[in-house]
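These numbers come from a predicted model, not from an experiment. The residues of the chain are indexed from 1 along the displayed sequence.
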Amino acid sequence: MSDGRALARAYLEQQRLLGTDAVSLPPSGESPVDPVVTPGLRPGSGDHPAASTRSPAQPKADLPPAGLSYDPPARDLFAADPLQQVTTLAQVAELVAPCTRCRLCEARSHTVPGEGPDGARLVCVGEGPGRTEDETGRPFVGKAGELLTKILGAIGLERAQVYICNVVKCRPPENRTPQYDEIAACVPYLFRQLEILQPKVILAMGNTAAQTLLNTKQSLGALRVKVHRFRGIPVIVTYHPAALLRNPNWKKPTWDDVRIAHRLLDG
Ligand code: SF4
């Protein structure tokens, strides 16, 4: 590190890893501007992200405008919580398997932590497991999963190249929407998975995934066609594949959303 800016970047990154306020700096080589320091919000707190709704990086001209930015505190290396100590996706899954943090453990057959390669550049996040997922322990394996595989294929991605998971890791009864306290109990697993993966792009599929990752109550319609950020990682919001099965009219807008994600992956 030869210049002051590089030293400042290293220091701020160290502070971020230690769990202090999230810090965003433009990539090296861009014209220097004041760093954006955003107070972290508590995961699952329900706080509206007004204070953290910033645009840490301007999107390219051919991309939609910047949206929300959510920067929950990073993991605490010294915390006693085992989840804060694990460093692999397999270890997260081991912690999920016996989990009884919320009532969704009562009727599950299998936990569904997620699946995909450690080095996945794209992470698709849905709401929660359905019946087939609960029976198999795998995410998106029913009709909605087949549709997701086709959507990914349309942008040249094999399903096996993508990490696929949900906000909650156990099936809500009758496939109801997960309740607030269930999401709050489970979301640390998702956040840890994203910390480990450090993907290039996150595709938030459906209201629950979008609102959880962006800590907002805004509707999916209001969140689409913007480049949001979760801890600096671009988040594109689109419809859940199960919703597409019910309403084929949403396939075209979904295709538009996925192409935005594709452009970000290639950028
Ligand atoms: S939904 Fe999440 S928090 Fe609730 S029991 Fe399952 S793994 Fe644990």
Side-chain angles (χ1 to χ4, degrees), residues 42-49 70 72 83 92-93 95-116 123-149 151 163-194 202-224 228 230 235-251 253-254 257:
R42 288 170 292 117
S45 67
D47 294 336
H48 192 281
Y70 180 34
L83 184 59
V92 175
L95 292 177
V96 167
C99 180
T100 56
R101 284 189 191 188
C102 83
R103 67 183 77 80
L104 294 184
C105 68
E106 294 165 8
R108 75 181 176 216
S109 299
H110 295 94
T111 53
V112 186
E115 69 179 21
V123 174
C124 294
V125 182
E127 179 176 283
R131 180 187 300 277
T132 315
E133 289 79 9
D134 178 65
E135 288 169 0
T136 60
R138 297 183 57 210
F140 285 89
V141 288
K143 283 192 175 358
E146 289 171 16
L147 183 53
L148 176 59
T149 301
I151 291 169
Y163 195 82
I164 300 171
C165 61
N166 288 298
V167 172
V168 295
K169 313 302 188 187
C170 301
R171 182 192 180 206
E174 308 304 321
N175 292 350
R176 65 163 168 75
T177 303
Q179 294 173 359
Y180 175 80
D181 60 329
E182 295 160 353
I183 293 172
C186 204
V187 81
Y189 294 122
L190 172 63
F191 287 0
R192 191 78 194 99
Q193 288 172 319
L194 293 172
I202 299 169
L203 188 65
M205 303 184 298
N207 263 318
T208 299
Q211 293 176 346
T212 301
L213 285 167
L214 299 172
N215 195 38
T216 181
K217 301 287 187 213
Q218 290 186 38
S219 69
L220 186 137
L223 293 169
R224 282 191 56 246
H228 307 284
F230 175 85
V235 176
I236 300 302
V237 172
T238 194
Y239 296 98
H240 192 286
L244 296 187
L245 293 172
R246 294 191 297 270
N247 190 342
N249 290 336
W250 288 340
K251 285 187 180 175
T254 300
D257 297 335

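- Taking both residues in full, the closest heavy atoms of Cys165 and Pro113 are given as CB-O, 3.7 Å, listed atom of the first, atom of the second, then distance.
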(request) Mind running side chain to side chain contact (heavy atoms under 4.5 Å, CB included) on Cys99 and Tyr189 for me, showing each step along the way? (result) CA-CA 11 Å; Cys99 180; Tyr189 294 122; 3.2 Å; yes
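- Between the CG atom in Leu220 and the CH2 atom in Trp250 there is a gap of 8.0 Å [rounded to 0.5 Å].
- Interatomic distance, Thr208 OG1 to Leu213 CG, rounded to the nearest 0.5 Å: 10.5 Å.
- For His228, the ring pair (Phe, Tyr, Trp, His ring centres under 6.0 Å) criterion is met by no residue, not counting sequence neighbours.
- Two residues are said to be in side-chain contact when any heavy atoms from C-beta on lie closer than 4.5 Å; Pro129 and Asn166 meet this criterion.
- A donor-acceptor pair is defined here as one N or O able to donate and one able to accept, closer than 3.5 Å; such a pair exists between the side chain of Asp134 and the backbone of Ser109.
- Expressed to the nearest 0.5 Å, how far SG of Cys170 lies from NE2 of His110 amounts to 11.5 Å.
- Atom CZ in Arg108 sits 15.5 Å away from atom CD in Glu133 (nearest 0.5 Å).
- Checking each of Ile183, Thr177, Val187 against Val168 for a side-chain contact (heavy atoms from CB on, under 4.5 Å) leaves exactly one that passes, namely Ile183.
- When all heavy atoms of Ala242 and Ala144 are compared, the pair lying nearest together is N-CB, 3.8 Å.
- Residues Met205 and Thr254 fail the side-chain proximity criterion, which asks for heavy atoms closer than 4.5 Å.
- Looking at heavy atoms from C-beta onward, Tyr239 lies in side-chain contact with Arg224 at the 4.5 angstrom threshold.
- To the nearest 0.5 Å, atoms CZ (Arg192) and CG (Leu190) are separated by 12.0 Å.
- The two residues Leu194 and Val123 have their closest heavy-atom pair at CD2-CG1, 3.9 Å.
- In Arg131, the CZ atom is not crowded: 12 or fewer heavy atoms of neighbouring residues, nucleotides or ligands sit closer than 6.0 Å.
- No donor-acceptor pair under 3.5 Å is formed between the side chain of Asn175 and the backbone N or O of Gly130.
- Two residues are said to be in side-chain contact when any heavy atoms from C-beta on lie closer than 4.5 Å; Pro253 and Thr238 fail this criterion.
- Residues Pro139 and Gly114 share a closest heavy-atom pair of CG-CA, 4.0 Å.
- Counting only heavy atoms from C-beta outward, the side chains of Val125 and Thr212 never approach each other to under 4.5 Å.
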(request) For the pair Glu135 and Val141, evaluate side chain to side chain contact (heavy atoms under 4.5 Å, CB included) and give the outcome as yes or no after the intermediate values. (result) CA-CA 10 Å; Glu135 288 169 0; Val141 288; over 6 Å; no
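- How far OG1 of Thr216 is from CD of Gln211: 6.5 Å, rounded to the nearest 0.5 Å.
- Residues Asn215 and Pro72 form no side-chain contact, since every pair of their non-hydrogen atoms from C-beta on lies 4.5 Å or further apart.
- Residues passing the ring pair (Phe, Tyr, Trp, His ring centres under 6.0 Å) test with Phe140 are His240, sequence neighbours excluded.
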